[in-house]
> 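The structure follows.
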Amino acid sequence: MINAYGKGDQKTFMLQGSETPQSIPWWLVVGIILFVAWTGYFIITSLAVKL
């Protein structure tokens, strides 16, 4: 898959300026999982507190 930025009136396809898709970095996925886990822990422990 190639996402190219260019004019529609060109006769030849120019590879310069093309963008290749990349996956999400592993550290971002780990960070999101840790944040969701901490949020769940916080909500569960907050509900256990009697006011």
Side-chain angles (χ1 to χ4, degrees):
M1 180 170 97
I2 295 179
N3 298 325
Y5 299 103
K7 298 178 183 176
D9 59 352
Q10 292 179 347
K11 299 292 181 192
T12 60
F13 178 74
M14 301 193 63
L15 194 58
Q16 296 173 342
S18 297
E19 178 183 310
T20 56
Q22 296 181 356
S23 62
I24 300 172
W26 65 269
W27 54 266
L28 186 60
V29 173
V30 170
I32 291 171
I33 291 171
L34 289 174
F35 180 75
V36 169
W38 175 81
T39 303
Y41 171 78
F42 183 78
I43 290 173
I44 290 170
T45 56
S46 294
L47 292 175
V49 174
K50 298 189 188 238
L51 298 175

> For residues 40-48, run the donor-acceptor check on the side chains, cut-off 3.5 Å, and write out each pair with its distance to 0.1 Å, sequence neighbours left out.
from: Thr45; atom 1: OG1; to: Tyr41; atom 2: O; distance (Å): 2.9
from: Thr45; atom 1: OG1; to: Phe42; atom 2: O; distance (Å): 3.1
from: Ser46; atom 1: OG; to: Phe42; atom 2: O; distance (Å): 2.8

> State plainly whether one hydrophobic cluster holds both Phe35 and Ile24, where clusters connect Ile, Leu, Val, Met, Phe, Trp and Tyr through side-chain heavy atoms under 4.5 angstrom apart.
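No, Phe35 does not connect to Ile24 through the hydrophobic network.
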> Hey, any chance Trp38 and Val36 share a hydrophobic cluster, counting ILVMFWY side chains that come within less than 4.5 Å of each other, even indirectly?
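Different clusters.
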> Report, as yes or no, whether the 6.0 Å neighbourhood of atom CG on Leu28 holds more than 12 heavy atoms from other residues, nucleotides or ligands.
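Yes - once you tally the heavy atoms of other residues, nucleotides and ligands closer than 6.0 Å, there are more than 12.
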